[in-house]
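Heads up: the structure comes next, in structure tokens.
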Amino acid sequence: MSNQALILENGDVLGREALGRGALLIADGQITEVFCGNAGANGGNANPDGRKVDLSGWTVAPGIVDVHGDGFERHVAVRRGALTAMEHGLFSVEAELAANGITTAVLAQFYSWEGGMRGPEFADRLFSAWEQAAPQVKTDLRLQLRLETHMFEQFDDVIRLINKTGLRYVVFNDHLPHDRLAAGKTPPRLTGQALKSGRSPEKHLENMKRLHGLNDRVFGELQAFSAELTKRHVQIGSHDDDTAEKRAKFRSLGANVSEFPETIEAAQAARDAGDLVVMGSPNIVRGASHAGKVSAREIVAMGLCDALASDYHYPSPRYAALELVKKGICDLPAAWRLVSEGPAKVLGLTDRGVIEAGKRADLVIFDRETGRVGATMAGGKITYMTSPLAERFI
């Protein structure tokens, strides 16, 4: 066995169905063997060669797969002029992800009429920074484009962006306040949104009205665009479904992921049709949606949730899993699957999300009582480590 092999022993290993004392053998970026039972890595006929680390008192779980998060924004959209190279902000993002046990992270970037850090120009800059930063870090950084449905006049630009970056995940959003616009009323928070977009309130409202007037053309444009995405093997999802009809509409476009459905009806419709449902971890931790929508705890309790995402707060996935256990909604293996194996399934990643021989060595070692992360490994490489666990390794 190579001198690079590492044996993590005497920890509580979180499997698909149970938590039990065990040991892991890690080599060449993979979990090569899993030893179960109190005998540890030297039990039975197993006598692996490698550097041993005693994890007594710690829990070893699959690395968290974050299927949708925009917590990166505060790292890359700092005060004007303070960050001239956006990739430097992404290095800071990667450090925060690793400190929270996240080994695969989807950076959910808007492509929206809202402008500012949600606008096309910002998306171009972020994706260019990602091209620089992603190859230099061990956390698997991926991209998602949150595309406003009424931006079909820019769909050709989106295709060019996809071709340039290899982007493989697009989610449709519609944040236009249609009810207010149809009634001729001023949308809420107009002035603040306009300032963020760099427009006057009058110009911002004028653009919103123009886009609202394109309603009749949107679905036809989406059909043609979705066909292009499918040809390029780009995964498609929808965001904030609130009715079964809306879910069915997006499913007809090839969108098999329902992100953050706002009602039980929409989540149930997704499940009945075999679609995948993603809910927000902050919703679980808070116990309710901050926007007054359906409780993610209720969706999980009903068995309608496939994955939890960080949404806007990177510490939330692991705390959400622990909160589900604390509230008696599900046991730890089931709760953790929502932040590891479930999100990996959403992304079509079969090489991670569980602790099994032959899988990537994506692991988080944490204290179940406090939720604090002691160490994170991505592809067998340490991406985060702190005391008191660090002393076990060094």
*Are Asp140 and Arg360 within salt-bridge range, i.e. N to O under 4.0 Å?*
no
_Check this for me, if you would: do Glu153 and Arg210 make a salt bridge, where the nitrogen-to-carboxylate-oxygen distance has to be below 4.0 angstrom?_
yes
*SB check Lys293 Asp242 (cutoff 4.0 Å)*: no
*Hey, are the side chains of Leu97 and Thr376 touching, using non-hydrogen atoms and a 4.5 Å cut-off?*
no
*Check whether any side-chain N or O of Glu87 sits under 3.5 Å from a backbone N or O of Ala133 as a donor-acceptor pair, and report yes or no.*
no
_Within a 6.0 Å radius of atom CG on Asp179, are there more than 12 heavy atoms belonging to other residues, nucleotides or ligands?_
no
*Counting only heavy atoms not in Glu369, do more than 12 fall under 6.0 Å of its CD?*
no
*Which heavy atom of Gly342 sits nearest a heavy atom of Ala307, and at what distance?*
C-CB, 3.9 Å
_Ionic contact status for Glu341 with Lys359, cut-off 4.0 Å_ = no
*Are any of the side-chain nitrogens in Glu323 or Lys327 under 4.0 Å away from the carboxylate oxygens of its partner?*
yes
*Hey, can you tell me if Phe260 and His68 have their rings parallel, tilted or perpendicular (30° and 60° cut-offs)?*
perpendicular
*Could you tell me which residues satisfy ring pair (Phe, Tyr, Trp, His ring centres under 6.0 Å) with His175, sequence neighbours excluded, listed by chain and number?*
Phe110
*With Val53, which residues qualify under side-chain contact (heavy atoms from CB on, under 4.5 Å), at least two apart?*
Leu6, Leu8, Arg51, Leu55, Arg392, Phe393
*From Leu214 CG over to His150 NE2, what is the distance, rounded to the nearest 0.5 angstrom?*
6.5 Å
*Ion pair present between Glu114 and Lys196, side-chain N to carboxylate O less than 4.0 angstrom?*
no
*Apply the test salt bridge (charged side-chain N to carboxylate O under 4.0 Å, His left out) to residues Arg271 and Asp306: give CA-CA distance (whole Å), side-chain angles for both, the deciding distance (0.1 Å), then the verdict.*
CA-CA 9 Å; Arg271 174 49 52 85; Asp306 295 284; 2.9 Å; yes
*Does the ring center of Phe366 lie less than 6.0 Å from the ring center of Trp336?*
yes
*OG1/Thr165 to CG/Asp124 distance, rounded to the nearest 0.5 angstrom?*
10.0 Å
*Scan Lys246, Glu259, Arg247 and name whichever one has a side chain to side chain donor-acceptor pair (under 3.5 Å) with Ser238.*
Arg247
_Separation between OG of Ser226 and CZ of Phe250, rounded to the nearest 0.5 Å_ = 9.0 Å
*Any idea which heavy atoms bring Thr32 and Ala357 closest together, and the distance?*
O-CB, 3.5 Å
_Taking the basic N atoms (NZ, or NE/NH1/NH2) and the acidic carboxylate oxygens, is any pair closer than 4.0 Å for Glu228 and Lys231?_
yes
*Is the shortest side-chain N to carboxylate O distance from Lys164 to Glu131 below 4.0 Å?*
yes
*asked:* Show the nearest heavy-atom pair for residues Leu332 and Arg368, with the distance to one decimal.
replied: CD2-CD, 3.4 Å
*Between the main-chain N or O of Gly353 and the side-chain N or O of Ser340, is there a donor-acceptor pair closer than 3.5 Å?*
yes
*Minimum heavy-atom distance between Leu14 and Pro62, given as atom pair plus value*: O-CD, 3.8 Å
*Any chance you could lay out the ring pair (Phe, Tyr, Trp, His ring centres under 6.0 Å) test for Phe91 and Trp130, step after step, and finish with the verdict?*
CA-CA 10 Å; Phe91 293 135; Trp130 171 84; over 10 Å; no
*So does Asp54 pair up with Lys52, basic N to acidic O under 4.0 Å?*
no
